[in-house]
Structures are given as structure tokens and as C-alpha cells.
There are 2 protein chains.
Amino acid sequence: MDELDSAIVRLLQEDARQSNRDIARKVGIAASTCLERIRLLRKRGVIRGYHADIDLGALNRGVQAIVAAQIRPLSRDVVDSFERSVAQLPEVLSVFTIAGSDDFLVHVSAQDIDHLHAFLLDRFTSRREIVGFRTSIIYQHLTKQVLEPLPDPHH
Amino acid sequence: MDELDSAIVRLLQEDARQSNRDIARKVGIAASTCLERIRLLRKRGVIRGYHADIDLGALNRGVQAIVAAQIRPLSRDVVDSFERSVAQLPEVLSVFTIAGSDDFLVHVSAQDIDHLHAFLLDRFTSRREIVGFRTSIIYQHLTKQVLEPLPDPHH
DNA sequence: CATGAAATTATTTACCC
DNA sequence: GGGTAAATAATTTCATG
């Protein structure tokens with residue numbers, strides 16, 4: 001990850017569909033060189049994928065919430081199975097497994113408040129491993145699309 | 001948003017860099033038709049952008065946390081200015097503005113625990129509008145890259 | 001008016017310096 | 001890292017139902 005790689009990664013975070021030729025021109029290298037660098041970044045796992053960012057409203061997902069859940073027992077089996085089964089529910093956007101008084105934060109979206117309520121009643125209230133959960137409606141979610149590398153901690 | 005649009009949106013969420021020709025072939029329409037549909041989806045704001053997903057470790061961001069913050073007063077000025085200034089800190093990945101006992105959840109990443117601690121001391125402890133915050137280390141974060149449309153609530 | 005086929009223009013990619 | 005040429009893709013035009 002030298003300066004050229006960082007510049008390429010930044011440009012692909014901004015717009016993953018711009019042409020390799022454009023990226024090459026912006027960072028000041030030949031298209032063939034740029035293509036090879038992108039291929040290596042992908043192979044090394046630095047670039048994990050390219051994804052379209054879709055408006056949640058257009059997917060009938062106008063209401064978002066964060067559900068803070070506590071589960072017991074905190075055994076590997078119960079934790080792993082909770083993560084996997086919750087992540088595959090259609091309403092779930094992401095699952096944070098965290099330290100602290102809550103065990104998980106689950107980011108969910110639904111058509112409206114009624115569907116959110118029904119979802120929580122059907123999928124959370126009934127789960128035996130969940131000993132408690134609190135739901136917070138999300139008014140706004142700002143996401144940074146372009147992340148800069150942080151300074152190397154060894155320098 | 002008919003079935004064809006949904007199929008195109010799903011494919012672009014899976015891999016935003018696949019060619020228009022491949023997408024057209026997979027959904028069973030002509031390339032020109034597909035290109036026009038994608039253009040309209042973009043114009044209508046259904047597709048908000050295309051972004052490379054980068055490994056946080058490669059960006060020297062190996063440690064993630066969620067900071068739940070309470071601020072006062074909860075006036076528009078203070079809320080707006082908190083959102084904007086926090087979102088532009090390099091360590092911040094996203095900011096949730098929420099209802100409930102906490103006012104914000106801030107998703108952050110840093111090089112390591114020491115840098116996370118320094119970041120919180122420098123950027124949170126010192127802010128006058130913050131009346132309290134709790135930090136939870138993230139062990140794991142599962143994100144769904146492909147979101148299906150939810151059933152229309154009117155039907 | 002949306003679709004699809006063909007022609008033109010542009011980009012990607014493999015190979016060698 | 002760069003240059004070139006063949007393969008591939010994007011884009012425009014225009015005919016069709």
C-alpha cells in the first residue's frame with residue numbers, strides 16, 4: 001500500500017464504476033499499470049468488492065432502527081447461531097457483536113413503523129436466548145463512503 | 001421499480017463493476033435497454049452511487065467501536081453541528097442520529113486500542129455539548145451487501 | 001414508447017519493453 | 001512503470017412492434 005495504491009483505493013471508494021483509464025489518468029500512471037495494481041489489491045483482499053449503494057426508500061425500507069440486544073448464555077454456540085440467523089433475516093442490514101452491557105446491535109429497516117413493530121414481535125420477542133432488547137428509531141444515518149488510511153502506528 | 005429494475009439493482013449490489021453487457025445477459029434484456037434502465041435508476045436516485053468496499057485492516061483501522069453519546073441542549077443548532085463535525089473526523093465511519101436515551105451512535109475505527117483511547121479523549125471528552133458517552137468495542141461486524149426490496153405495504 | 005440489432009467509438013487486457 | 005495491439009465493452013443510431 002504505497003501512495004499510488006492509496007490514491008487508487010480512494011478513487012474506487014468514490015466511484016467504483018469509473019473506468020480504469022480514468023483512474024490511471026487521475027493518479028498519473030499508465031492504464032496497464034493501474035489495471036495490474038487494482039488486480040493485486042483485489043487479490044490481496046484490500047479491495048473486498050464493489051457494491052451499488054441503493055436508496056432504502058426505493059426498496060420499501062423507509063424506517064430504520066437499531067436494536068440493542070442482550071442474550072444468554074454467552075456461549076460460542078449461542079452467539080454464533082444468533083449472529084448467523086439474525087443476519088439472514090430480510091429486514092436486517094448489519095449486526096455488530098460488541099463488548100459491554102449489550103451483546104449485539106442490530107441495524108434493521110422495514111416498510112414503516114407497523115412492519116418494524118411486527119418484525120420485532122415476531123423475530124425478537126419470541127427468541128429464547130434474548131433476555132432483553134431496546135429499540136431506537138434512526139432519524140438519520142450519515143455514512144462516510146471514502147475512508148482514508150490512518151497513519152501507520154509504527155511511525 | 002418493476003421486476004427487471006429489481007434484478008438489475010440486485011446484480012449491481014452484488015458486483016458494481018460487472019459490465020452492462022453481463023447484467024443485460026443475466027436479466028435477459030438487450031444491452032441498450034439495460035444501459036438506459038441503469039441510467040434512469042441513477043437519475044431517479046434509486047442507485048445512489050457505486051463504492052469499493054475496502055478492508056479496514058489495510059487502512060490501518062484494525063479496531064472498531066461504537067460510541068453512544070448524549071448531548072445537551074438538544075437544539076437544532078447543536079444537533080446539526082455535532083453531526084457535521086463528528087462525521088468529518090477521520091476515525092468516524094458513520095453517525096446514527098437516534099431516538100431514545102442516547103442521542104447518537106458513532107461508529108469509529110482506529111489503528112489500535114491506544115489510538116482509539118486517544119481519539120476519544122481528544123475528540124469526545126473535551127466537547128462541551130457531550131454530557132455523557134459509553135464506548136463499546138466491536139468484536140465483529142457483519143454487513144449485508146445485497147438488500148432485497150421488502151413487499152409493498154399497500155398490498 | 002420501450003425494446004433490440006447493428007455500427008461506431010471507447011476501454012480493457014495481454015504481452016513485451 | 002509504460003506502450004502497443006487485439007479483444008471486449010459502451011454507446012449511439014435506427015428499425016420494429
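When all heavy atoms of A/His115 and B/Pro153 are compared, the closest pair comes out as CE1-CB, 3.8 Å. The minimum heavy-atom distance between B/Ser109 and A/Leu150, with the atom names listed, is O-CD1, 3.8 Å. Nearest heavy atoms, B/Asp102 versus B/Ile98: O-CG1, 3.5 Å. The two residues B/Ala87 and A/Leu142 make their nearest non-hydrogen contact at CB-CD1, 4.2 Å.
In this structure, A/Glu14 contributes its side chain and A/Val146 its backbone to no donor-acceptor pair below 3.5 Å. Put simply, the side chain of B/His51 gets close to the backbone of A/Gln13: a donor and an acceptor are under 3.5 Å apart.
Closest to the B/Arg37 side chain, of the nucleotides C/dT3, D/dA10, C/dT11, is C/dT3. The side chain of B/Arg21 sits closest to D/dA10 out of C/dT12, D/dA10, D/dT12.
Put simply, CG on B/Leu35 is 15 Å from C1' on D/dT8, counting in whole angstrom units. The distance between atom CG of A/Leu40 and atom C1' of C/dA14, rounded to the nearest whole Å, is 15 Å. Rounded to a whole Å, the CZ atom of A/Arg17 is 15 Å from the C1' atom of C/dA10. Atom P of nucleotide C/dT12 and atom CZ of A/Arg39 are separated by 12 Å, given to the nearest angstrom. Rounding to whole angstrom units, CG of residue B/Asp22 and P of D/dA9 are separated by 6 Å. D/dG2 atom P lies 13 Å from atom CD of A/Glu36, rounded to whole Å. Taking atom CG on A/Asn20 and atom P on D/dG2, their separation rounds to 12 Å, with Å as the unit. Regarding A/Gln18, its CD atom lies at a distance of 17 Å from the C1' atom of D/dA9, rounded to whole Å.
DNA chain C is contacted by B/Ile29, B/Ala30, B/Ser32, B/Thr33 of residues 25-33 of chain B, taking any non-hydrogen atom closer than 4.0 Å.
By the 30° and 60° cut-offs, the orientation of the rings of A/His141 relative to B/Phe96 is parallel.
Using a 4.0 Å heavy-atom distance criterion, B/Ile23 is classed as making no nucleic acid contact.
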